[in-house]
Amino acid sequence: MSEVKIRGIVLDSLNYEENDKIITVYSDEFGKLSFIALGANKASSKNNYSLNVFSESDFEIFKSRKTQSISKLKTGILVRNNFKIAKSYNNYLFASIISSVILQEELFYNKDFKLFDMLREAIKNINDEVNPFSNMVWFLFYSLKNFGGYWELNKCYRCNKASKIYRKFDLQHYGLVCPNCINENEEEHDYEFIKYLQRMDNNTFFTIQKFPINVSFEIIISKLLFSYYLNEIGIYSYPMNEILKKEVYKDDTFWEYTHKVLTKNSI
């Protein structure tokens with residue numbers, strides 16, 4: 001094992017034997033990795049604060065040579081505790097959904113500075129009550145490409161041609177529909193919703209933060225993202241299941257809500 005220094009966001013903490021913990025972080029230098037923190041459950045441990053879930057910390061570890069093997073913690077120094085996340089159940093769910101996506105996927109065992117910065121900013125914003133729900137939505141949306149996921153927001157998914165105007169966003173196939181391809185029995189969608197999706201697609205996690213937020217649109221987008229992660233990518237998590245229990249996400253309520261929001265200003 002080689003001794004290295006990393007900065008990491010703590011994604012998971014698991015008690016191991018009597019006094020130890022297995023900690024999983026997403027780090028700036030190596031992506032996702034796990035290490036054993038010996039004696040971390042002892043009251044005298046100096047590393048305790050750096051190991052809390054969602055904390056951002058600097059770690060010295062003895063890194064395993066194998067990517068998915070357990071490393072060993074030497075020291076941990078807390079940089080930002082993000083403890084306020086736990087004071088709000090909704091914010092805790094938002095942060096947990098983000099962490100659960102990274103924890104389940106093997107792709108994240110590689111270094112990705114952009115993902116690290118996005119994760120750090122999302123957790124920070126959720127902790128600081130800066131559009132916590134939107135930060136979860138944006139993180140899931142901008143992480144789609146890490147899984148090979150894709151929504152067609154630059155052209156009509158049916159005819160494969162770009163158009164100046166689109167009539168709807170197909171909620172089952174995750175693609176825009178142009179005037180020539182919309183069926184007579186299909187409802188047209190509010191053009192502001194289509195522009196909202198395109199604006200997300202044309203920005204990054206960091207630049208989208210400066211634009212006005214439409215919570216009604218983002219509730220719909222979040223439900224679509226949850227469905228996409230589950231049905232297209234194959235990622236399911238307990239926090240996602242918990243948030244889907246909310247009344248607005250229940251099928252009958254959601255489709256009624258979607259119809260009301262998306263057909264209000266159709267053209």
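Numbers here simply count residues along the sequence, with the first being 1. We use all heavy atoms of the structure for the numbers below, so side chains are in, but hydrogens, waters and symmetry mates are not.
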>> Could you work out, with side-chain hydrogen bond (donor to acceptor under 3.5 Å, both in side chains) as the rule, every residue matching Ser222, not counting sequence neighbours?
In response: Tyr249
>> For Asp170, give me all partners under salt bridge (charged side-chain N to carboxylate O under 4.0 Å, His left out), at least two apart in sequence or on another chain.
In response: Arg158
> Transitively linked via ILVMFWY side-chain contacts under 4.5 Å: Val53 with Phe108?
Replying inline: yes
> Between Ile208 and Arg199, which heavy-atom pair has the shortest distance, and what is it?
Replying inline: CD1-O, 3.9 Å
> Distance from Asn52 atom CG to Ser13 atom OG, nearest 0.5 Å?
Replying inline: 7.5 Å
> Hey, mind stepping through Lys246 and Asn90 against side-chain hydrogen bond (donor to acceptor under 3.5 Å, both in side chains) and telling me if it holds?
Replying inline: CA-CA 11 Å; Lys246 294 181 179 294; Asn90 283 336; 2.9 Å; yes
>> If the condition is side-chain hydrogen bond (donor to acceptor under 3.5 Å, both in side chains), which residues does Tyr150 pass it with, not counting sequence neighbours?
In response: Glu152
>> Side chains of Tyr174 and Glu232 only: does a donor on one sit below 3.5 Å from an acceptor on the other?
In response: no
> Looking only at heavy atoms, which two atoms of Lys223 and Asp251 are closest? And how far apart?
Replying inline: NZ-OD1, 3.6 Å
Let me have the donor-acceptor pairs involving side chains of residues 30-43, under 3.5 Å, with sequence neighbours excluded, atom names and distances please.
{"from": "Lys32", "atom 1": "NZ", "to": "Ile102", "atom 2": "O", "distance (Å)": "2.8"}
{"from": "Lys32", "atom 1": "NZ", "to": "Leu103", "atom 2": "O", "distance (Å)": "3.0"}
{"from": "Lys32", "atom 1": "NZ", "to": "Glu105", "atom 2": "O", "distance (Å)": "3.0"}
{"from": "Ser34", "atom 1": "OG", "to": "Thr24", "atom 2": "OG1", "distance (Å)": "2.8"}
{"from": "Asn41", "atom 1": "ND2", "to": "Asn15", "atom 2": "OD1", "distance (Å)": "3.1"}
{"from": "Asn41", "atom 1": "ND2", "to": "Asp20", "atom 2": "O", "distance (Å)": "3.2"}

> If every non-hydrogen atom of Tyr166 is compared with every non-hydrogen atom of Lys155, which pair is closest and at what distance?
Replying inline: OH-CA, 3.2 Å
> Where is the tightest heavy-atom contact between Ile219 and Phe254, given as atom of each residue plus distance?
Replying inline: O-CE1, 4.3 Å
>> Quick check on Lys145: does its NZ atom have over 12 non-hydrogen neighbours (other residues, nucleotides or ligands) under 6.0 Å away?
In response: no
>> Counting C-beta onward and ignoring hydrogens, is there a side-chain heavy-atom pair between Tyr229 and Leu144 closer than 4.5 Å?
In response: yes
>> Between Met240 and Val101, does the side-chain contact (heavy atoms from CB on, under 4.5 Å) criterion hold? Intermediate values first, please.
In response: CA-CA 10 Å; Met240 280 189 190; Val101 168; 3.9 Å; yes
> Passes side-chain contact (heavy atoms from CB on, under 4.5 Å), Lys161 versus Cys178? Steps please.
Replying inline: CA-CA 8 Å; Lys161 294 179 181 179; Cys178 72; over 6 Å; no
>> Within the structure provided, determine whether Trp138 and Gln209 are in side-chain contact (heavy-atom separation under 4.5 Å).
In response: yes
>> Clusters formed by hydrophobic residues whose side-chain heavy atoms approach within less than 4.5 Å: which one holds Leu78, and what are its other members?
In response: Tyr49
> Is there side-chain contact between Ser50 and Ile77, with at least one heavy-atom pair below 4.5 Å?
Replying inline: no
>> Once ring-ring contact (aromatic ring centres under 6.0 Å, His included) is applied, what residue pairs with a partner in residues 115-136 remain, sequence neighbours excluded?
In response: Phe94-Phe133
> Short question: side chain of Glu3, backbone of Glu60 - any donor-acceptor pair under 3.5 Å?
Replying inline: no
> Which residues, ordered by chain and number, are linked to Tyr238 in its hydrophobic cluster, where ILVMFWY side chains connect at heavy-atom gaps below 4.5 Å, directly or through other members?
Replying inline: none
> Have Ser216 and Tyr257 got a donor and an acceptor in their side chains that come within less than 3.5 Å?
Replying inline: yes
>> Restricting to salt bridge (charged side-chain N to carboxylate O under 4.0 Å, His left out), what partner residues turn up for Lys210, sequence neighbours left out?
In response: none
> With side chains defined as the heavy atoms from C-beta onward, is the minimum distance between Phe59 and Asn47 less than 4.5 Å?
Replying inline: no
> Would you say the side chain of Ile97 lies within less than 4.5 Å of the side chain of Phe139, judging by non-hydrogen atoms?
Replying inline: no
>> Between Val261 and Phe193, is the side-chain contact (heavy atoms from CB on, under 4.5 Å) condition met? List the steps.
In response: CA-CA 9 Å; Val261 172; Phe193 177 68; over 6 Å; no
>> Quick check: do Asn131 and Ile213 have side-chain heavy atoms less than 4.5 Å from each other?
In response: yes
>> Test of understanding: with side chain to side chain contact (heavy atoms under 4.5 Å, CB included), list the residues that count as partners of Lys46, not counting sequence neighbours.
In response: none
> Is Phe83 reachable from Ile98 through a run of hydrophobic residues whose side-chain heavy atoms are each under 4.5 Å from the next?
Replying inline: no
>> If the condition is side chain to side chain contact (heavy atoms under 4.5 Å, CB included), which residues does Asp128 pass it with, not counting sequence neighbours?
In response: Arg80, Lys84, Lys124, Val130
> Do the side chain of Asp190 and the main chain of Glu192 share a donor and acceptor less than 3.5 angstrom apart?
Replying inline: yes
> Quick one: CG on Leu14 to NZ on Lys21, what's the gap to the nearest 0.5 Å?
Replying inline: 10.0 Å
>> To the closest 0.5 Å, what do you measure between CG (Leu224) and CG (Leu197)?
In response: 8.0 Å
>> Tyr92: which residues meet the side chain to side chain contact (heavy atoms under 4.5 Å, CB included) condition with it, sequence neighbours left out?
In response: Phe54, Ile85, Ser96
> Between Asp58 and Arg7, what is the shortest heavy-atom contact and its length?
Replying inline: OD1-NE, 2.7 Å
> If every non-hydrogen atom of Asn135 is compared with every non-hydrogen atom of Ala122, which pair is closest and at what distance?
Replying inline: OD1-CA, 3.9 Å
> Which value, rounded to the nearest 0.5 Å, describes the distance between Ile123 atom CD1 and Ser99 atom OG?
Replying inline: 6.5 Å
> After noting the C-alpha distance and the side-chain angles of Leu153 and Asn202, does the key distance pass the side-chain contact (heavy atoms from CB on, under 4.5 Å) rule?
Replying inline: CA-CA 9 Å; Leu153 297 168; Asn202 292 329; over 6 Å; no
>> Does any part of the side chain of Ile182, heavy atoms only, come nearer than 4.5 Å to the side chain of Glu188, both counted from C-beta?
In response: yes
> Can you tell me if Asn214 uses its side chain to pair, donor with acceptor, with the backbone of Phe217 under 3.5 Å?
Replying inline: yes
>> Test of understanding: with salt bridge (charged side-chain N to carboxylate O under 4.0 Å, His left out), list the residues that count as partners of Lys250, not counting sequence neighbours.
In response: Glu247
> Passes salt bridge (charged side-chain N to carboxylate O under 4.0 Å, His left out), Arg120 versus Asp117? Steps please.
Replying inline: CA-CA 5 Å; Arg120 176 168 58 182; Asp117 287 342; 3.0 Å; yes
>> Using 0.5 Å steps for rounding, measure from the CG atom of Leu176 to the CD atom of Gln198.
In response: 5.5 Å
> Around Asn183, counting heavy atoms of other residues, nucleotides and ligands shown, do more than 12 lie under 6.0 Å from its CG?
Replying inline: yes
>> Side-chain heavy atoms nearer than 4.5 Å, only ILVMFWY residues, links allowed to pass through others: does that put Leu225 and Trp255 together?
In response: yes
>> Quick one, Glu218 and Tyr196 - any side-chain contact, counting heavy atoms below 4.5 Å?
In response: yes
>> Determine whether a donor-acceptor pair (N or O, by modelled atom type, separation under 3.5 Å) exists between the side chain of Tyr142 and the backbone of Met200.
In response: yes
> How are the rings of Trp151 and Phe141 set to each other: parallel, tilted or perpendicular (split at 30° and 60°)?
Replying inline: perpendicular
> So with a 6.0 Å cut-off around CD of Glu186, is the heavy-atom count from everything else above 12?
Replying inline: yes
